[in-house]
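First comes the structure, then the notes that go with it.
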Amino acid sequence: MGLLDILLGRTKPVGADLDRLFALPSAAVTLEAAAGFTPTGRGAVCFATVEGAAFEQSHREVQALLDADTDREGPPVELRQDDYGYSWLVSRRSPDRLSALVNDLHAVNSQLEVNGFGPQLLCSLAGFEDHSGRRLALVYLYKRGTFYPFAPLPDGTERRDNPLELQVRAALSGDLPLEPDLGRWFPVWGAPGL
């Protein structure tokens, strides 16, 4: 960033720090104590849809990397598209293995970044649920390096539980770097990992 940028008030974007994903397991303990939400064992990485042989090769590399884990039950990573045209690499683990799920999300993000698909990465999420079946995702914004909570209402409509999201923000303010701009708390309707 140069002098002209400083004079004009421009700031350099924070950018991704994938190691921040490793804060999720400790944040999950706080989340359970504060709001009663526990991990579902599902998570996903979202990116702008990419076509071509280079991405197919990258997907095969991610698949091979995660297939090496012999503790996994079922398919390690599933490639899905949502109704909005975005692609998701979905991982499933036992709900008590959030650390392993976070490792999966980190590995998928890192592999796509190393293979030149970093600009297409949008977000990663880990799913949570309470005893009444309410769902919640902690979403990591790749380009901002921050998290935010996303809580759809359980009635099946595309409406959010804003009070719950604000409660989770307050509870996790010391555990995760939270996105301060509420306008960037994008809804992830129909996210496969939620």
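Keep in mind that what you see is a predicted model, and the values were worked out from it rather than measured. The analysis underlying the following values was restricted to heavy atoms, covering all of them including side chains, and did not include hydrogens, waters or symmetry mates.
Nearest heavy atoms, Asp17 versus Tyr140: N-OH, 2.9 Å. Residues Ala35 and Gln167 come closest through the heavy atom pair CB-NE2, 3.9 Å. Residues Pro95 and Pro39 share a closest heavy-atom pair of CB-O, 3.3 Å. Closest non-hydrogen pair, Thr30 versus Ala171, comes out as CG2-O, 3.4 Å.
Residues satisfying the ring pair (Phe, Tyr, Trp, His ring centres under 6.0 Å) test with Tyr86, not counting sequence neighbours, are none. With sequence neighbours excluded, no residue forms a salt bridge (charged side-chain N to carboxylate O under 4.0 Å, His left out) with Asp82.
Contacts classified as salt bridge (Lys or Arg N to Asp or Glu O under 4.0 Å) and involving residues 32-43 (residues at least two apart or in different chains) are not found. Screening residues 163-177 for salt bridge (Lys or Arg N to Asp or Glu O under 4.0 Å), with sequence neighbours left out, gives Arg160-Glu165.
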For residues 181-193, run the donor-acceptor check on the side chains, cut-off 3.5 Å, and write out each pair with its distance to 0.1 Å, sequence neighbours left out.
{"from": "Asp181", "atom 1": "OD1", "to": "Gly183", "atom 2": "N", "distance (Å)": "3.0"}
{"from": "Trp185", "atom 1": "NE1", "to": "Glu179", "atom 2": "O", "distance (Å)": "3.0"}

Side-chain donor-acceptor distances from residues 117-130 under 3.5 Å, at least two apart:
{"from": "Ser124", "atom 1": "OG", "to": "Asn109", "atom 2": "ND2", "distance (Å)": "2.8"}
{"from": "Asp130", "atom 1": "OD1", "to": "Ser132", "atom 2": "N", "distance (Å)": "3.1"}
{"from": "Asp130", "atom 1": "OD1", "to": "Ser132", "atom 2": "OG", "distance (Å)": "2.9"}
{"from": "Asp130", "atom 1": "OD1", "to": "Gly133", "atom 2": "N", "distance (Å)": "3.1"}
{"from": "Asp130", "atom 1": "OD1", "to": "Arg134", "atom 2": "N", "distance (Å)": "2.9"}
{"from": "Asp130", "atom 1": "OD2", "to": "Ser132", "atom 2": "OG", "distance (Å)": "3.3"}
{"from": "Asp130", "atom 1": "OD2", "to": "Arg134", "atom 2": "NE", "distance (Å)": "2.8"}
{"from": "Asp130", "atom 1": "OD2", "to": "Arg134", "atom 2": "NH2", "distance (Å)": "3.0"}

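Atom CZ of Arg97 sits about 9.0 Å away from atom CG of Asn103, to the nearest 0.5 Å. Note that the CD atom of Glu158 and the CG atom of Leu153 stand 11.5 Å from one another [nearest 0.5 Å]. Here the CG atom belonging to Asn115 is positioned 10.5 Å from the OG atom belonging to Ser110, to the nearest 0.5 angstrom. Distance check, rounded to the nearest 0.5 Å: OH of Tyr148 to CG of Leu172 gives 14.5 Å. Here Arg80 contributes atom CZ and Leu89 contributes atom CG; the two are 11.5 Å apart, rounded to the nearest 0.5 Å. Interatomic distance, NE2 of His106 versus CG of Leu101, reported as 13.0 Å (0.5 Å rounding).
Inter-residue side-chain proximity for Pro149 and Leu164 is flagged as unmet; no heavy-atom pair is nearer than 4.5 Å. Two residues are said to be in side-chain contact when any heavy atoms from C-beta on lie closer than 4.5 Å; Val108 and Ser91 fail this criterion. Contact of the Leu136 side chain with the Phe150 side chain is not registered, since no non-hydrogen atoms from C-beta on lie closer than 4.5 Å. A heavy-atom distance below 4.5 Å is not found between the side chains of Pro152 and Arg159. Under the 4.5 Å side-chain criterion, counting only non-hydrogen atoms from C-beta, Leu79 is not in contact with Trp88. Side-chain contact between Val45 and Tyr142 is absent, with no heavy-atom pair separated by less than 4.5 Å. Annotation: side chain of Asp161 is not in contact with side chain of Pro154 (no heavy-atom distance under 4.5 Å). Side-chain contact check for Leu21 versus Phe147: some heavy-atom pair is nearer than 4.5 Å.
No donor-acceptor distance shorter than 3.5 angstrom exists from the side chain of Ser58 to the backbone of Ala54, with no hydrogens or angles considered.
The number of heavy-atom neighbours closer than 6.0 Å to CG of Asp83, taken from other residues, nucleotides and ligands shown, is 12 or below.
Side-chain contact, Thr146 with Arg144: no donor N or O sits under 3.5 Å from an acceptor N or O.
The same ILVMFWY cluster, assembled from side-chain heavy atoms under 4.5 Å apart, contains both Phe22 and Leu105.
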>> Working note: Arg20 + Leu176, criterion side-chain contact (heavy atoms from CB on, under 4.5 Å); need CA distance, chi angles, decisive distance, verdict.
In response: CA-CA 8 Å; Arg20 290 180 176 181; Leu176 295 173; over 6 Å; no
